[in-house]
2 protein chains.
Amino acid sequence: MDAIGSTAPASFCDTCTVRNRAICSDLSRDELAVLNGIGRQRRLSAGEQLIWEGDEAVLVANVVEGLLKLSSSTSDGREQILGIAFPSDFLGRPFGGSTPYGVEALTDAQVCVFERKDFDRFAKEHPRLEHKLLERTLAELDRTRKWMLLLGRMNAEQKLASFLLQAADRASEAGGDGRSFDLQLSRQQIADILGLTIETVSRQMTKMKSQGLIDLPSRRAVTILDREALEDRAE
Amino acid sequence: MDAIGSTAPASFCDTCTVRNRAICSDLSRDELAVLNGIGRQRRLSAGEQLIWEGDEAVLVANVVEGLLKLSSSTSDGREQILGIAFPSDFLGRPFGGSTPYGVEALTDAQVCVFERKDFDRFAKEHPRLEHKLLERTLAELDRTRKWMLLLGRMNAEQKLASFLLQAADRASEAGGDGRSFDLQLSRQQIADILGLTIETVSRQMTKMKSQGLIDLPSRRAVTILDREALEDRAE
DNA sequence: CGCCGACTTGAAGAATTTCAAGGTGTGTGG
DNA sequence: CCACACACCTTGAAATTCTTCAAGTCGGCG
């Protein structure tokens, strides 16, 4: 509302809730204005696809709000979820090639989208942004590799226990008490993450409930009753 | 044989066989000299460990020669190989944290090792190096995610077929004819890559041989007789 | 109230692991 | 040069785990 000089158009970065955590966090005011110019906000409904598997990589994005899944399917239609993207996470494949996985919103979501070629050019000119992206990519690679151990070497019980513990941790980071939380995912989605069938997931859940490790107050809610025992089963 | 001015100490980069493919490929002569100063060459014998799982990340490295595995183990001792590092690949975890996997030489190997803090500092000051590292890390993440589909959703036959095809491709990149090649790995190591037991790997190999898809002239050698059929089985 | 989708449960079947021998090939010492 | 040891691989049979197929059940919503 004031002096000459503050007449620049409002930037959606100004009100961005992940502004301090996403890869843009190290950028100056001016740099942000440029980035703001090449990006746009986009709302996604739950179930909406942002990127298709095998598409030429034409866009990249930052997650502002909501949850998205990265996934790939076998030719006979079974799906494997390769990762879940949370607010402030980066999506897509900069610098060439195609995106070897699909990206779909699991909940209603908001993302900040860039044309890949615009983003690539901007990134190459802004080493601090590239550095952030590198750190994020390295961290994501570590998480992904850790998940390979689960997929390759754990049985159903260990997979479920690991999954629930991680979900609890995530929920408590987001403000939960670390015991009761909401799975944001259907049984089928959990199965697709763990490389199991929906029936096996369901049976393991029921078993853990009957053994008093967890409670299942409603379909998507979980309460951890005996964290230690759960950690034992996750190994 | 020379003039004054060529008295600089010989740099191991000068004779480096991966010089044009590794992350150092974009560096100038001077930059290379600095990097040369903070790194050192190291020979590893097959089976020798370079980095231990869970260690604080104190060093990073470039692979010059040989094959190394990245792996992680469950508490009951079963191992999952998370990746294989080839010449020109980068190893280790720059920018903080611990290394969540072990690195061990599969063959005699030569690596170019840096103290992590030296490398981190150098990298931050050399955006072109960071850019190379970013591209490499993104590519590795893609490969790793692709592997998750194999681990989570493929059966033993599909896993083996995929593995053999990929091994053949790698061998032909390195100069093979794409049909006959040497597995550089033991049956147990293949099992650890595919998330199977050694017996299952052995049975699948025998089955494919008896079906005329492949031949196994010696323990570690493979000849692909019917690539198309193999591709079918990999889906 | 009844329908629908999501979830659970059961029983049978298939795939993989586990346990247990039995080969094969290479290198070493007699 | 042979024999033996050892590591690595193969094979067989039983056991286990997970999937598949097939009914249910539950909970919300028109």
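First the proteins, then the strands, lettered A, B, ... as listed; each starts at 1. Since this is a predicted model, take the numbers as computed values, not measurements.
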Using a 6.0 Å cut-off, check whether atom CD of Glu56(B) has over 12 heavy atoms from anything other than its own residue. no

Between atom [atom1] in [X] and atom [atom2] in [N], what is the gap in whole Å?
X	N	atom1	atom2	answer
Ile198(B)	dA20(C)	CD1	P	17 Å
Met208(A)	dT8(C)	CE	C1'	16 Å
Lys207(B)	dC9(D)	NZ	P	20 Å
Lys209(A)	dT8(C)	NZ	C1'	11 Å
Arg220(B)	dC8(D)	CZ	P	8 Å
Ile190(A)	dA6(C)	CD1	P	14 Å
Met205(B)	dT11(D)	CE	P	12 Å
Gln188(A)	dC7(C)	CD	P	9 Å

Whether the side chain of [X] engages the backbone of [Y] through a donor-acceptor N/O pair (distance < 3.5 Å, no angle test) should be reported.
X	Y	result
Asp108(A)	Ala46(A)	yes
Ser162(B)	Gln158(B)	yes
Arg179(B)	Thr223(B)	no
Gln80(A)	Ile193(A)	yes
Arg78(A)	Arg153(B)	yes

Using a 4.0 Å heavy-atom cut-off, does Ser186(A) contact any base of the nucleic acid, only the sugar-phosphate backbone, or nothing at all? sugar-phosphate

With heavy atoms under 4.0 Å as the rule, sort Thr206(B) into base, sugar-phosphate or nothing. sugar-phosphate

Basic-acidic side-chain contact under 4.0 Å: Glu135(B), Lys132(B): no

Taking the basic N atoms (NZ, or NE/NH1/NH2) and the acidic carboxylate oxygens, is any pair closer than 4.0 Å for Arg227(A) and Glu231(A)? yes

Per-nucleotide protein contact along nucleotides 15-22 of chain D, 5' to 3', at a 4.0 Å heavy-atom cut-off (B base, S sugar-phosphate only, - neither), is ---SBBB-

Whether Arg170(B) engages the ring of Phe86(B) as a cation-pi pair (distance to the six-membered ring centre under 6.0 angstrom, angle to the ring normal within 45°) should be assessed. no

Pairs: protein N or O with nucleotides 25-27 of chain D N or O, under 3.5 Å:
| unit_1 | atom_1 | unit_2 | atom_2 | d |
| --- | --- | --- | --- | --- |
| dC26(D) | O2 | Arg219(A) | NH2 | 2.9 |

